[in-house]
Structures are given as C-alpha cells and as structure tokens.
Amino acid sequence: MREPMGIHSNAVAAPPQLLLERLKDYGQEDSFALWDELSPEERHLLLNDIQSLDLSRIDRIIRCSLRSQGLPVAAIEPVPESWVSSVDERTMEHRERWWKMGLKAIAEGKLAVLLLSGGQGTRLGSSDPKGCFNIGLPSGKSLFQLQAERILCVQRLAAQAMNEGSVTIHWYIMTSPFTDDATGKFFESHKYFGLEADQVTFFQQGTIPCISKDGRYVMETPFKVAKSPDGNGGVYTALKSSRLLEDMATRGIKYVDCYGVDNALVRVADPTFLGYFIDKGVAAAAKVVRKAYPQEKVGVFVRRGKGGPLTVVEYTELDQSLASAVNQQTGRLRFCWSNVCLHMFTLDFLNQVANGLEKDSIYHLAEKKIPSIHGYTMGLKLEQFIFDAFPYAPSTALFEVLREEEFAPVKNANGSNYDTPDSARLLVLRLHTRWVVAAGGFLTHSVPLYSTGVEVSPHCSYAGENLESICRGRTFHAPCEITF
C-alpha cells in the first residue's frame, strides 16, 4: 500500500510524518538524512521517488534475500539421463513428428514468443538496446530484425502445413526503463520488420533499490534512491503485474517460448522444440548445449539434492573437481548440460512461478559498484534470473542442441576473446554456408572460406529447409545474402 502524497504547495517544510514513520519501521529513515539541505524542488523529487516504492514488498525482499545468504543448500547431483533428449538419440522420425506437432500448435494459435530484451549494448560499445545491434552480416540486419523474420518464416510454414490462410504468433518483448522508449521507436521506424504492430506487445521489467550490506537503500543523489533492473527473472513478476498472463490466456495461448535477445542463431518459435515439449507433457523445458570444456564459463543444469528439483548452478559456484568429473558410462562431463537461456513453459506454469517467486521473495545478491552521493560505492544489487523458475516445475525436460546451429552469443565488443559480434557473425555465415552446400549450391570466395560465408535470409529458410529450388546448381560469391 503506497501512501498518498498529500502535498499541494511548493514549500515542503518537513517530510510527511506518516511516510517518515513507515521508513523508520523498515530501517530506511536515512533516505531523508539530507532533507534540510534540499531545495523545494529536490524535496518534491525525493518524496515522489520514495512514494513510488512499494516499501513493504521491498522490505520483505531485502530481508528474505539477506537471510538466505549462507544457509546450507542440498548437494548437487547430475541431471538424470532420462530427462535429456540428446542429439545422439534423436531419430529423423522423432524430429519430423515433433516438427509437425509444433507447426500444428502454432497454427492453432497456442504459442507465444517471449523476448528478454532489457539490456543495453554497453559492453558492445553502444548505448542502444542490444537488439538494435548489427553484427556485421552481409544484410546489415539487426538482432531484432533477424528474430522478427524468423517469426514470419514460422508463421508461413505453419500456415502452409495446416492449409491455413494466415497464422499469427504473438511476440511479447520485455524491455527495461533504460531500453523501453528506444526499442519501441526502433520497431516503429522499421515498420515492425513486416510483422503486424498489434502482434507485438512491449512491457517493462521492474527496478529495485540497491542496498548496502546491512540492507539500507543506497542514495544515488540526495533526492534519489539508487535502483537497478531486477534481472531477467523479473519477467515473471512483470508479466503478472502488467496482466499479460491474463492477456495470453484470452488469446488462447498455452505455451510460451522464452529466450534472450543476444543470440544471433536463436531459433525463435522452434516447431521441433515445441513439439518435443508437448510430447513430453512437462511444465518447463530448456534447450542445452554440451559444455565445451570443464572450465567453460557457463552455468549448468543440476539436480539439487537426491530426487530434488532441477536448477542451474553458475560456473563460479561449481567446485573444480565437480566441473572436471567425467561420467564413465557416457564419456561426458558429469555436469555437462549448459544453460543458454532458451526455454519453453506452459502458461499455467508461468502463473505458478510468478506467485511462487513473489511469495518466497528470495533474490540473488550481486556485489557491485553503485553510483552514490559518496561517489561509486560497493553495495548490493538484487536480481532474479530466468532459471529461478525451474525449482518450481513439477516436471522438466532438457533438449540438447548443437551450439554451432543455435548458439551465437553477442556479449562482448570485438577484440574480446569470446562472444563478440565477429564470432557470432562467423557462426551464422558458416552454418548458412553448410545449408547452401547441402542444397546443391556452390561458393566462390576471395578471402579464406573460414573467415567468410553466405547469409540465408529467414524469408527463404528457417533451419535449412526448402533451399534446393534457390541454390541447386547456382554459385554464390561469399560474403553475400541469399534472399528471394
């Protein structure tokens, strides 16, 4: 419950007593420590800022999160083999059946796509939303455009498979206060990349105050609390508070494909993954890639305790001896299934998670430098992660994919050692080159082929299918884009 401001003049002599008492109840009265030094305008700004906070909810989150630190946790165990569909086990018959099942559900309007797009491209040297980034493909397309065109392609494939006139996949895009306006304008200026404007819904993730180690708000200025986004796991609370879970139900949506924006090879609305998910009858699923080597800096799926739930352990939390342990029967690392933020949920489960996470109120605490009235100071940011949902799932399945086909992360600026626009661009070009050669096409190139290739427009093919009529017997000079 937020108190009314009760302020109607420019001269605010003292903080409203009721508000001050509530702050004292939560140990946050220091927010008004510099009140006497503020101008009337700054006092109004501070009051508005404090009034905008759900004080009781934030207090509960801070207390629960701090209390959870250092508590004993159950030992981790490898994910049971039966929970994973590995590439080795998958037959062509399986793939074709899942593909058809997925296309049928898409044609029936049962799938929505949920994009996590709250981050700016700061590490890429850009202040724009990450999805606006052009990784240097021959087409010059942004990540947003690549993903939009893959949605268009799946819509067309589903309509053709089911003899439907048209099929629409609704796209929910989570932004943050830092990216919301720019994202909306980018989509408008590009006419939604061929999608209908009303099939795209933008919504914002929340923010939460940054705190000191003893749980007090850090003040960014004398009249503003330092805040940070609540992590990509804030999507669950944001979907609930913005009533978008109800919106999905009204549209007849049953399944939600959820992914992060910074993957140049993401198969948005993948019919095969959807078909597998429906076939397994689980509440949650994740695509995974095999860990490349023991020290790779990726989180891995584990089971927490004997018979316990599936969850993700970050690489910093995984003991080196466990990270290097090998399963003698399979020859794989015992903890080998890397999380790459490609998830599928039922709508019913999303409702359950949103309620469960809110009730438990446990956030991850990250020690960071935070801008404050004393310059940058060490404090704590509170975040939830998308994989925090998995311990709530009554049933979960993992679906192995090949990283060279579906995982081209764009996280660091060119010149870094890994996950750069250049490395992602090469992964796209190499995959598409293999598609073209498999479809009977030929390549010429004036630079070494390992450093170039061709780009296949999503308008032509989603995953390498239907390319023979375009490529057979034709020669393409790399680098180039192949389109209709």
Side-chain angles (χ1 to χ4, degrees), residues 23 26-28 30-31 33 46 49-50 52-71 73 116-124 127 129-130 174-180 203-239 241 260-262 297-299 311-317 339 341 353-354 357-358 360-389 391 411-412:
L23 285 170
Y26 300 128
Q28 303 295 354
D30 286 356
S31 306
L46 177 57
D49 196 38
I50 298 293
S52 72
L53 301 175
D54 187 337
L55 295 174
S56 59
R57 175 177 182 265
I58 293 166
D59 179 66
R60 185 175 72 248
I61 289 169
I62 291 171
R63 283 188 295 104
C64 292
S65 303
L66 287 173
R67 195 165 55 224
S68 73
Q69 298 304 296
L71 289 178
V73 292
L116 309 175
S117 183
Q120 293 168 291
T122 313
R123 280 195 283 170
L124 302 171
S127 60
K130 264 190 189 177
M174 185 177 79
T175 63
S176 70
F178 311 106
T179 63
D180 187 67
F203 67 103
Q204 287 191 50
Q205 71 184 106
T207 60
I208 196 160
C210 304
I211 58 171
S212 60
K213 290 184 180 178
D214 61 359
R216 295 176 186 271
Y217 299 162
V218 174
M219 298 302 293
E220 184 172 332
T221 72
F223 47 88
K224 182 183 179 186
V225 177
K227 304 179 195 74
S228 63
D230 55 6
N232 61 16
V235 67
Y236 305 113
T237 300
L239 283 172
S241 62
V261 72
D262 53 0
K297 294 181 177 180
V298 291
T311 188
V312 172
V313 169
E314 292 289 33
Y315 66 91
T316 51
E317 302 167 13
N339 170 46
C341 195
V353 171
L357 285 172
E358 187 62 29
D360 293 342
S361 297
I362 296 172
Y363 283 55
H364 303 267
L365 300 174
E367 193 169 352
K368 303 273 186 178
K369 285 184 179 176
I370 296 164
S372 79
I373 50 180
H374 307 296
Y376 277 89
T377 183
M378 294 308 291
L380 301 171
K381 291 185 176 182
L382 295 104
E383 298 175 302
Q384 288 185 318
F385 300 135
I386 191 73
F387 54 73
D388 289 340
K411 295 187 181 295
N412 304 307

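No hydrogens, no waters, no symmetry mates; every other heavy atom, side chains included, goes into these values. Index from 1, following the sequence.
The minimum heavy-atom distance linking Gln384 with Ile362 is given by the pair NE2-O, 3.6 Å. Smallest separation of non-hydrogen atoms from Thr207 and Pro177: CG2-CG, 3.7 Å. The nearest pair of heavy atoms linking Asp230 to Gly234 is OD1-CA, 3.5 Å. Between Ser361 and Ser65, the closest heavy-atom pair is O-OG, 3.5 Å. Shown here for Pro209 and Val225, the closest heavy-atom pair between the two residues is CB-CG1, 3.8 Å. Nearest approach of Phe385 to Tyr236, heavy atoms of both residues: O-CE1, 4.3 Å.
The CD atom of Glu358 lies 5.0 Å from the CZ atom of Arg60; values are rounded to the nearest 0.5 Å. Note that OG of Ser117 is 11.5 Å distant from CG of Asn232, once rounded to the nearest 0.5 Å. Taken from CD in Gln28 to CZ in Arg216, the straight-line distance is 7.0 Å, to the nearest 0.5 Å. Between the CG atom of Asp54 and the CG atom of Asp59 there is a distance of 10.5 Å, given to the nearest 0.5 Å. Rounded to the nearest 0.5 angstrom, Gln69 CD and Leu380 CG are separated by 8.5 Å. Taking CD1 of Ile50 as the reference point, atom OH of Tyr217 lies at 6.5 Å (rounded to 0.5 Å).
Partner Ile211 forms a side chain to side chain contact (heavy atoms under 4.5 Å, CB included) with one of Ile62, Ile370, Ile58 and no other, that one being Ile62.
Proximity of Phe203 to Thr175: side-chain heavy atoms (C-beta onward) are nowhere separated by under 4.5 Å. Side-chain atoms of Leu116 and Gln205, non-hydrogen and from C-beta on, never get closer than 4.5 Å to each other. Side-chain contact between Leu382 and Leu365: present, with at least one pair of heavy atoms (C-beta onward) separated by less than 4.5 Å. Side-chain contact between Ile386 and Cys341 is present, with heavy atoms from C-beta onward closer than 4.5 Å.
With respect to the salt-bridge test (charged N to carboxylate O, under 4.0 angstrom), the residues Glu220 and Lys227 do not qualify. For Lys411 and Asp262, the salt-bridge test passes: some basic side-chain N is under 4.0 Å from an acidic carboxylate O.
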